[in-house]
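Only a predicted model underlies this, so the values are computations on that prediction, with no experimental measurement involved.
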Amino acid sequence: QTLEMEQVLREFTKILKISEGEILEKAEKNKEDLIFEAEVFYTNDTDIKKDVLELLDNLKEEYLKEELSAKMQILHILESKNEKEKANQVLKEINEINNKMEDIKNGRAKKQ
């Protein structure tokens with residue numbers, strides 16, 4: 001499976017929930033630093049595809065952790081107000097987030 005730049009860009013837009021243009025604009029602002037870092041960290045013997053996939057998984061996981069934390073706070077507020085119906089919906093969302101995080105961890109285990 002080849003990893004195309006367009007695929008990576010699409011993944012970033014899904015994870016960060018921002019447009020491709022915003023990502024490219026931010027990258028352009030730091031272009032020289034990014035080029036330098038790439039030259040330092042990625043020599044000819046480095047598996048860039050593997051590293052990019054791992055970085056994407058890490059980014060997904062971090063965003064899911066932030067989302068989980070926010071949902072937990074909302075759940076706490078709803079429970080303190082005894083809003084059971086809304087709390088149950090948030091619990092379902094928390095379960096979905098946990099499942100996504102578990103999928104990422106299981107994917108890593110398969111790769112090893």
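- Taking NZ of K100 as the start and CG of N98 as the end, the distance is 11.0 Å to the nearest 0.5 Å.
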Under 3.5 Å, sequence neighbours excluded: what are the donor-acceptor pairs made by side chains of residues 21-31?
from, atom 1, to, atom 2, distance (Å)
E22, OE1, S19, N, 2.9
E22, OE1, S19, OG, 3.3
N30, ND2, K26, O, 3.4

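- In terms of the side chain to side chain contact (heavy atoms under 4.5 Å, CB included) criterion, residue partners of N95 (sequence neighbours excluded) are, by chain and number, N99.
- Residue L78 shares its hydrophobic cluster (ILVMFWY side chains chained together at separations under 4.5 Å) with L64, L68, M72, I74, L75, V90, L91, I94, I97, M101, I104.
- Among pairs with a residue in residues 74-88, those fulfilling salt bridge (Lys or Arg N to Asp or Glu O under 4.0 Å) read E83-K86, at least two apart in sequence or across chains.
- Sequence neighbours left out, the pairs with a member in residues 60-72 that pass side chain to side chain donor-acceptor pair (under 3.5 Å) are E11-K60, E61-R108, K71-E93.
- E6 is linked by a side chain to side chain contact (heavy atoms under 4.5 Å, CB included) to E4, R10, counting only residues two or more places apart in sequence or in another chain.
- Between the CG atom in L56 and the CG atom in D51 there is a gap of 11.0 Å [rounded to 0.5 Å].
- Here CG of L55 is found 8.5 Å from CG of L59. Values are rounded to the nearest 0.5 Å.
- Within the hydrophobic cluster formed by Ile, Leu, Val, Met, Phe, Trp and Tyr side chains joined at under 4.5 Å, directly or through other members, I35 stands alone, with no partner residue.
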